[in-house]
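Residue numbers begin at 1 in each chain, while the letters A, B, ... track the order of the sequences.
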Number of protein chains: 2
Amino acid sequence: METAANTLPAEGSLQLRDQLCFALYAASRAVTARYRPLLDELGLTYPQYLVMLVLWERDAVSVRDLGAALQLESSTLSPLLKRLEVNGLVRRERRADDERSVAVRLTGAGVDLRERARAVPLAIGDAMGLTPEQDAAAKQLLRLLTENVTRG
Amino acid sequence: METAANTLPAEGSLQLRDQLCFALYAASRAVTARYRPLLDELGLTYPQYLVMLVLWERDAVSVRDLGAALQLESSTLSPLLKRLEVNGLVRRERRADDERSVAVRLTGAGVDLRERARAVPLAIGDAMGLTPEQDAAAKQLLRLLTENVTRG
DNA sequence: CTCGACTTAGTCGTGCACAACTTAATCGAG
DNA sequence: CTCGATTAAGTTGTGCACGACTAAGTCGAG
């Protein structure tokens, strides 16, 4: 309900503060920054954490399917997965039935990390400080936005 | 084939698709990707475009004030500004009254680029496809989220 | 005036993101 | 079966982002 004193949403404004894109960019970096100290404790970066979320849901995922889930290119995932492998959280092996494909699997350490990670979304949800209604509304709007912007 | 396609059983708090943080991260990258071809025409990256937005509003801004406006560190801005300078869009000069500070100023080409950039927010706003009410609601939620997550 | 604390830009190292490209494996029309 | 098209993963180069650090200028208490 920002009216009068707050707004001048001119058509085609080049004002930084008017732009949804900047609010989005700033919010995304602020949230990632908030995750950083928590994920440091787990030895993960934020994109690595997202990969682990996928693997904790369903193990033995191809690089292709990881990319589909996270909307990331193999050129981003391949080095990231190599770092996760060096850190002992995943293994990679070519699939026998299709040698082009690589199955990414959790190691014991990768599986074990899940329990320590359970506190993370709770802490972040707390820091976000949105009501359940606001959280749901934000997710809905962001998914709509992503959908529109991706297609079109 | 055999394994499930894209079903999402909502059971745990570590589900990727339940997390606002992922919706935010994906939306931010999707919007930036949408900007890319438009900004390529102007010879700008998305963060460079944000810097230009600030300079088009108010010229002769210090690196410090750019950082405050965009929430970016000097370690991000310094190389970015150097690239803008190489591309002929800005000049940098130490302030006479405080030699620590650097004033970033638009060149003629930098000023001229503003008119060509006017079409960009219109095209993006169109691609986002949100109603004015949804756009306002998203901005409000994202600013609240950023505020909460940054402080706290 | 002096010297230590603070401020401002900037450098360096690490890790994303992504476009363009490469390599290797699989598929499929003829 | 064959060979060109397609697909999967990875490599390379560029440009953010940010933490840790550095160099240089400014300020202020004594």
Asks: Strictly below 4.0 Å: does R94(A) bring a side-chain N or O up to OP1 or OP2 of dA9(D)?
Replies: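 Checking dA9(D) against R94(A), no side-chain N or O comes under 4.0 Å of OP1 or OP2.
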
Asks: Rounding to an integer number of Å, can you tell me how far L66(A) CG sits from dC16(C) P?
Replies: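 That distance rounds to 13 Å.
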
Asks: Say you draw a straight line from CG of L44(B) to CZ of R83(B); how long is it, rounded to the nearest 0.5 Å?
Replies: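 Going from the CG atom of L44(B) to the CZ atom of R83(B) covers 12.5 Å.
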
Asks: Quick one, N148(A) and M128(B) - any side-chain contact, counting heavy atoms below 4.5 Å?
Replies: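 No - every pair of side-chain heavy atoms lies 4.5 Å or more apart.
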
Asks: Send over the distance from E99(B) CD to dA23(D) P, rounded to a whole Å.
Replies: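 Rounded to whole Å, this separation is 19 Å.
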
Asks: Which whole-number value in Å describes the distance from R100(B) CZ to dT26(D) C1'?
Replies: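 To the nearest whole Å, that distance equals 4 Å.
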
Asks: Quick one: do L113(B) and L66(B) end up in the same hydrophobic cluster if we chain Ile, Leu, Val, Met, Phe, Trp and Tyr together by side-chain heavy atoms under 4.5 Å apart?
Replies: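 In one cluster: yes.
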
Asks: Which ones in residues 69-86 of chain B lie close to DNA chain C, meaning a heavy atom under 4.0 Å from one of its atoms?
Replies: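 S74(B), S75(B), S78(B), K82(B) - these, ordered by number, are the residues of the stretch whose heavy atoms sit under 4.0 Å from the strand.
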
Asks: Do the charged groups of K82(A) and E85(A) touch, with an N to O distance under 4.0 Å?
Replies: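 Here K82(A) does not pair with E85(A) in a salt bridge, since their nearest N and O are not under 4.0 Å apart.
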
Asks: Measure the shortest side-chain to side-chain distance between L145(B) and L24(B) over non-hydrogen atoms and say whether it is less than 4.5 angstrom.
Replies: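 Yes - at least one pair of side-chain heavy atoms lies under 4.5 Å apart.
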
Asks: Using whole Å, what does the distance between atom P of nucleotide dC6(C) and atom CZ of R64(B) come to?
Replies: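 So the two atoms are 16 Å apart, to the nearest Å.
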
Asks: V63(B) has a side chain; which of dA9(D), dA9(C), dA17(C) sits nearest to it?
Replies: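 Given the options dA9(D), dA9(C), dA17(C), the side chain of V63(B) is closest to dA9(C).
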
Asks: Verify the contact: side-chain N or O of S101(A) to OP1 or OP2 of dA25(C), cut-off strictly under 4.0 Å; return yes or no.
Replies: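 Checking S101(A) against dA25(C): no side-chain N or O falls below 4.0 Å of OP1 or OP2.
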
Asks: Whether the side chain of T107(B) engages the backbone of G88(B) through a donor-acceptor N/O pair (distance < 3.5 Å, no angle test) should be reported.
Replies: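 Side chain of T107(B) to backbone of G88(B), a donor-acceptor pair under 3.5 Å: yes, one is there.
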
Asks: Heavy atoms within less than 4.0 Å of DNA chain C: which residues of residues 30-55 of chain B have one? Give them sorted by number.
Replies: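 Those residues whose heavy atoms fall under 4.0 Å from DNA chain C, taken from residues 30-55 of chain B in numerical order, are R36(B).
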
Asks: Find out if a path of hydrophobic residues (ILVMFWY) with successive side-chain heavy-atom gaps under 4.5 Å connects F22(B) to L141(A).
Replies: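 F22(B) and L141(A): separate clusters.
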
Asks: Which nucleotide in the set dA25(C), dG25(D), dA9(D) lies at the smallest distance from any side-chain heavy atom of D98(B)?
Replies: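 Closest nucleotide to the D98(B) side chain: dG25(D).
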
Asks: What's the CZ-C1' distance between R29(A) and dC16(C), to the nearest Å?
Replies: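 Those two atoms, CZ and C1', are 14 Å apart.
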
Asks: In whole Å, what is the span from the OH atom of Y25(A) to the C1' atom of dA17(C)?
Replies: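 After rounding, the gap between these two atoms is 13 Å.
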
Asks: Got a second to check how far L55(B)'s CG is from E57(B)'s CD, nearest 0.5 Å?
Replies: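 So the CG of L55(B) and the CD of E57(B) are separated by 9.5 Å.
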
Asks: So what does R95(B) touch, heavy atoms closer than 4.0 Å: a base, only the sugar-phosphate, or nothing?
Replies: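 Nothing, no nucleic acid heavy atom in range.
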
Asks: For D97(A) and dT7(D), what is the distance between atoms CG and P respectively, to the nearest whole Å?
Replies: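 Atom-to-atom, D97(A) to dT7(D), this comes out as 18 Å.
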
Asks: Kindly list each side-chain donor-acceptor pair under 3.5 angstrom involving residues 67-80 of chain A, sequence neighbours excluded, with atom names and distances?
Replies:
unit_1: Q71(A); atom_1: NE2; unit_2: A68(A); atom_2: O; d: 3.1
unit_1: S78(A); atom_1: OG; unit_2: S74(A); atom_2: O; d: 3.1

